[in-house]
Protein chains: 2
Amino acid sequence: MINVLIMRKEQSSNAINEQFLFEVCELNSAISMISGRWKSQIVYSISQGNNRFHLLQKELPNISEAVLARQLKELETHAILVKQEIPNTTPIGVAYKLTNKGADLVPILEQLCDWGKAYAAGKAITSPTSPC
Amino acid sequence: MINVLIMRKEQSSNAINEQFLFEVCELNSAISMISGRWKSQIVYSISQGNNRFHLLQKELPNISEAVLARQLKELETHAILVKQEIPNTTPIGVAYKLTNKGADLVPILEQLCDWGKAYAAGKAITSPTSPC
DNA sequence: TTGATCACTAACAATTTTGTTAGTTATTGT
DNA sequence: ACAATAACTAACAAAATTGTTAGTGATCAA
């Protein structure tokens, strides 16, 4: 009886529809990997050399540590980045490194950025040249 | 007093952070435009000629009418598509058409699709060739 | 006249995502 | 002895997204 209830939750319409879309096309799983709050900005920041937890916090001053850790873990789960402990550091340092998968994503994000800029409603705060 | 409460809701941390990211880089607004459930699949389907409400329903059998209508309206709000009434049809037919902005998005979605396929964990259900 | 199609909308409920708070471990600097 | 830094985790609350239900109006076909 309890299992029935649990299965309900694991098989909510929401989850079923997500799965359906994943099976329709990899496009949908690709988008779900990058669409969390902060996620693409984290990937882009790491690609620019901000590969430490505290460097990312500096880049994204409004993010809380718990949220940053969670987003990083999800990116790791999707094999977009890996964690590497930096030896001989106290406290132990951790460097985040994009995988090949993550690195291949960056130029696509740059294109999305350009697309966004090309059709931005109003004032672009950043410069009109390509990189974010 | 009531306004104070409303302002609270309009300025939730969530909304503030979203706005912050929009100002950091257009990448973030671009991703927010395409990251709703069904959205990129709808854009892709329209680009393939499924430009009517009922054709999209056929393509996406699990979507409810209310949800489809909502996603279409959001895509319209972001100027990715426009609605066109088809004259001399009963009941009145509506065609969805990608704007230039929407059409420019399609090749980027195809690249995301390819990226997803290239690094898919396991079995690809669709063929390995490019279009979804 | 009953049912079907087309293209929706509004109100509400379920689910998921995001943010907050309060911890942890280990070390260095004052 | 005390605060600071680095890099987290768990539990919970707030907010946003997604899904459900029940409607709308106009027209045609049986």
Side-chain angles (χ1 to χ4, degrees), chain A residues 5-21 28 31-39 41-42 50-58 60-76 81 83-96, chain B residues 5-21 28 31-39 41-42 50-58 60-76 81 83-96:
Chain A
L5 291 172
I6 292 170
M7 285 181 66
R8 276 264 157 128
K9 287 207 164 185
E10 282 173 356
Q11 306 231 51
S12 65
S13 292
N14 194 314
I16 289 168
N17 287 343
E18 186 180 49
Q19 193 57 42
F20 167 79
L21 284 170
N28 298 297
I31 283 180
S32 94
M33 287 181 209
I34 61 172
S35 63
R37 173 87 83 244
W38 312 102
K39 240 171 233 167
Q41 195 60 47
I42 289 170
N50 299 106
N51 64 337
R52 300 288 300 269
F53 196 92
H54 64 279
L55 294 176
L56 290 166
Q57 280 187 281
K58 240 176 267 170
L60 304 168
N62 296 321
I63 201 171
S64 78
E65 295 177 30
V67 170
L68 176 55
R70 207 156 54 202
Q71 300 294 317
L72 285 166
K73 190 175 279 185
E74 286 173 25
L75 289 167
E76 205 190 351
L81 54 81
K83 278 204 273 190
Q84 296 179 317
E85 291 202 358
I86 304 168
N88 308 322
T89 48
T90 54
I92 293 159
V94 174
Y96 294 95
Chain B
L5 290 173
I6 291 171
M7 284 181 67
R8 277 261 155 132
K9 288 209 164 180
E10 283 173 356
Q11 305 235 48
S12 66
S13 292
N14 193 313
I16 289 168
N17 287 343
E18 185 180 49
Q19 193 57 42
F20 167 79
L21 285 170
N28 298 296
I31 283 180
S32 93
M33 286 181 211
I34 61 172
S35 64
R37 173 86 84 246
W38 311 101
K39 241 171 233 168
Q41 195 60 46
I42 289 169
N50 299 107
N51 64 336
R52 300 289 300 269
F53 197 93
H54 64 279
L55 293 175
L56 291 165
Q57 280 186 283
K58 241 178 266 171
L60 304 168
N62 295 322
I63 202 171
S64 77
E65 295 176 30
V67 171
L68 177 56
R70 206 156 55 204
Q71 301 293 317
L72 286 167
K73 191 176 279 186
E74 286 172 26
L75 289 167
E76 205 190 349
L81 54 80
K83 278 203 274 190
Q84 296 179 317
E85 291 202 359
I86 304 169
N88 307 324
T89 48
T90 53
I92 292 160
V94 174
Y96 294 96

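Convention: sequence-line order gives letters A, B, ...; per-chain numbering from 1.
- Annotation: side-chain hydrogen bond (donor to acceptor under 3.5 Å, both in side chains) contacts of A:E74 (sequence neighbours excluded): A:K39.
- Counting only heavy atoms from C-beta on, A:A15 has its side chain closest to C:dT16 among D:dA7, C:dT16, D:dG19.
- With C:dT18, D:dA6, D:dA16 as the candidates, the nucleotide lying closest to the side chain of B:S12 is D:dA16.
- Both B:L55 and A:R70 sit near DNA chain C, but only B:L55 has its closest nucleotide nearer the 5' end.
- Residues passing the side-chain hydrogen bond (donor to acceptor under 3.5 Å, both in side chains) test with A:E76: none are found, sequence neighbours excluded.
- Distance from the side chain of B:V94 is smallest to C:dA7 among C:dA7, C:dG19, D:dC8.
- A search for side chain to side chain contact (heavy atoms under 4.5 Å, CB included) contacts involving B:S35 returns A:I31, A:S35, B:I31, not counting sequence neighbours.
- The main-chain N or O of B:L21 is never found under 3.5 Å from a side-chain atom of A:R37 such that the two would form a donor-acceptor pair.
- Residues passing the side-chain hydrogen bond (donor to acceptor under 3.5 Å, both in side chains) test with B:R52, sequence neighbours excluded: none.
- Looking at residues two or more places apart in sequence or on another chain, you find no side-chain hydrogen bond (donor to acceptor under 3.5 Å, both in side chains) involving A:N62.
- Computed from coordinates, the A:H54 NE2 to D:dA4 P distance equals 17 Å when rounded to whole Å.
- One atom, CD of B:E65, and another, C1' of D:dA22, lie 11 Å apart when rounded to the nearest Å.
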Give me the distances for all protein-to-nucleotides 24-26 of chain D N/O pairs that come in under 3.5 Å?
none

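- Regarding A:N51, its CG atom lies at a distance of 13 Å from the P atom of D:dA6, rounded to whole Å.
- In this structure, the nucleotide among C:dT20, D:dA7, C:dC8 sitting nearest to the side chain of B:S13 is C:dT20.
- Using a 4.0 Å cut-off, some side-chain N or O of B:W38 falls inside it from OP1 or OP2 of D:dG19.
- Whole-Å rounding puts the A:N62 CG to C:dT18 C1' distance at 13 Å.
- The side chain of B:A66 lies closest to D:dT20 when the candidates are D:dA6, D:dT20, C:dT15.
- At whole-Å resolution of the value, CD in B:Q11 and C1' in D:dA15 are 15 Å apart.
- The phosphate of C:dA7 (OP1 or OP2) has a side-chain N or O of B:R52 nearer than 4.0 angstrom.
- We find that CD1 of B:I16 is positioned 14 Å from C1' of C:dT20, with the value rounded to whole Å.
- Taking the side chain of A:N14 as heavy atoms from C-beta on, and the options C:dT9, D:dG19, C:dG19, the nearest nucleotide is D:dG19.
- Distance from the side chain of B:K73 is smallest to C:dT9 among C:dT9, C:dT20, C:dC8.
- With C:dG19, C:dC8, D:dA7 as the choices, the nucleotide that has an atom nearest any side-chain atom of A:V67 turns out to be C:dG19.
- Contact between the side-chain N/O atoms of B:K83 and the OP1/OP2 oxygens of C:dA7 is not found at any separation under 4.0 Å.
- Rounded to the nearest 0.5 angstrom, B:N28 CG and B:N17 CG are separated by 11.0 Å.
- The minimum heavy-atom distance between A:L56 and A:L68, with the atom names listed, is CB-CD2, 4.0 Å.
- In this structure, A:L68 places its CG atom 13 Å from C1' of C:dG19, rounding to the nearest Å.
- Per the geometry, CG belonging to A:L56 stands 12 Å off C1' belonging to D:dA7, to the nearest Å.
- When each of C:dT20, D:dG19, C:dC6 is scored by its nearest atom to the side-chain atoms of A:S64, the top-ranked nucleotide is C:dT20.
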